[in-house]
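Heads up, the thing below is written out as structure tokens.
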Amino acid sequence: RVLFRSGEEPLNNPFEDTKNLIPYYDIDVMAHIAETLDLKAETPAGMLSIPGFQDCIACFPVYGASMEPKISSGDIIAVSKAVDCEQILWGEIYLVITDTWRVIKTVHPGKTEEYIILRSINPDYAGDTNVNKKDLRALYLVRGVVSRLGM
């Protein structure tokens with residue numbers, strides 16, 4: 001069951017312990033290139049309770065089709081805390097933040113140590129994007145997806 005609180009609306013929360021709520025940011029994260037993101041400067045639009053995802057630090061709506069069929073436009077992703085380049089799980093899906101954009105892609109080793117490769121899942125969005133590790137501001141592992149049917 002997903003619970004949402006926005007603004008001053010009361011949260012009908014059957015759980016006494018609200019520490020398990022995850023901040024929901026109504027900020028587009030794209031399944032294609034978009035502008036950058038600084039979580040410290042943002043205010044959550046609400047809170048979500050998603051059982052099994054207490055280790056996640058934030059949730060975001062997703063727009064774009066490059067990660068279909070795993071992640072569709074309109075879905076909500078839950079991400080864990082930021083990791084550094086030595087902690088990357090190759091082939092997994094990450095929210096990748098640079099100074100100029102934010103994007104959701106699978107992450108793969110680059111041809112040299114200085115780079116990573118970002119790749120879409122949807123074959124209609126073929127082609128790799130090489131990113132220099134020094135340009136990364138943050139990497140957030142996507143831990144789960146809440147699908148919104150009928151979008």
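Given the structure is predicted, the values throughout are model-derived calculations rather than measurements.
- Here the CG-NZ distance, from Asp75 to Lys70, works out to 13.0 Å after rounding to the nearest 0.5 Å.
- In this structure, the side chain of Ser73 engages the main chain of Gly64 through a donor-acceptor pair within 3.5 Å.
- Side-chain contact between Val96 and Ile104: absent, with no pair of heavy atoms (C-beta onward) separated by less than 4.5 Å.
- Taken from CG in Asp128 to OG1 in Thr106, the straight-line distance is 8.0 Å, to the nearest 0.5 Å.
- In the model, Ser120 has a side-chain atom that pairs as donor or acceptor with a side-chain atom of Lys105 under 3.5 Å.
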Check the pair Arg143 / Phe53 against side-chain contact (heavy atoms from CB on, under 4.5 Å), numbers first and verdict last.
CA-CA 8 Å; Arg143 298 270 296 123; Phe53 290 92; 4.2 Å; yes
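- Atom CE of residue Met67 and atom OG of residue Ser72 lie 10.5 Å apart, to the nearest 0.5 angstrom.
- Rounding to the nearest 0.5 angstrom, the gap separating the CG atom in Asn130 from the CD1 atom in Ile117 is 5.0 Å.
- Remark: Gln87 CD is packed, more than 12 non-hydrogen atoms of other residues, nucleotides or ligands lying under 6.0 Å away.
- Counting only distance, with no hydrogens or angles, the side chain of Glu92 and the backbone of Trp90 share no donor-acceptor pair below 3.5 Å.
- The shortest side-chain heavy-atom distance between Val131 and Val107 does not fall under the 4.5 Å cut-off.
- Summarising the geometry of Ile97 relative to Tyr140, their closest heavy-atom pair is CG1-CE1, 4.0 Å, with the distance given to 0.1 Å.
- Judged by distance alone, with hydrogens and angles left aside, the side-chain atoms of Lys133 form a donor-acceptor pair with the main-chain N or O of Glu113 at under 3.5 Å.
- With contacts defined as side-chain heavy-atom distances shorter than 4.5 Å, the pair Leu139/Leu95 does not qualify.
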Apply side-chain contact (heavy atoms from CB on, under 4.5 Å) to residues Leu136 and Tyr94 and explain how you reach the verdict.
CA-CA 12 Å; Leu136 296 172; Tyr94 284 86; over 6 Å; no
Evaluate the side-chain contact (heavy atoms from CB on, under 4.5 Å) criterion for residues Val79 and Leu141: first the C-alpha distance (whole Å), next the side-chain angles of each, then the deciding distance (0.1 Å), finally the verdict.
CA-CA 5 Å; Val79 300; Leu141 179 64; over 6 Å; no
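- Within the 4.5 Å cutoff, the side chain of Ile22 has no heavy atoms near those of the Ile57 side chain.
- Atom CG of Leu21 sits about 8.5 Å away from atom CG of Leu48, to the nearest 0.5 Å.
- Contact annotation: the side chain of His108 approaches that of Arg119 to within less than 4.5 Å [non-hydrogen atoms, C-beta and beyond].
- The environment of OH in Tyr115 is sparse: at most 12 heavy-atom neighbours from other residues, nucleotides or ligands sit within 6.0 Å.
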Before giving the answer on side-chain contact (heavy atoms from CB on, under 4.5 Å), spell out for Ile50 and Cys59 the whole-Å C-alpha distance, their side-chain angles and the decisive distance to 0.1 Å.
CA-CA 10 Å; Ile50 308 172; Cys59 294; 4.1 Å; yes
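- Within the 4.5 Å cutoff, the side chain of Ile116 has heavy atoms near those of the Ile88 side chain.
- When all heavy atoms of Ile27 and Pro61 are compared, the pair lying nearest together is O-CD, 3.4 Å.
- Nearest heavy atom pair, residue Phe60 against residue Tyr24, reads C-CE1, 4.4 Å.
- Between Arg137 and Thr98 there is no side-chain heavy-atom pair separated by less than 4.5 Å.
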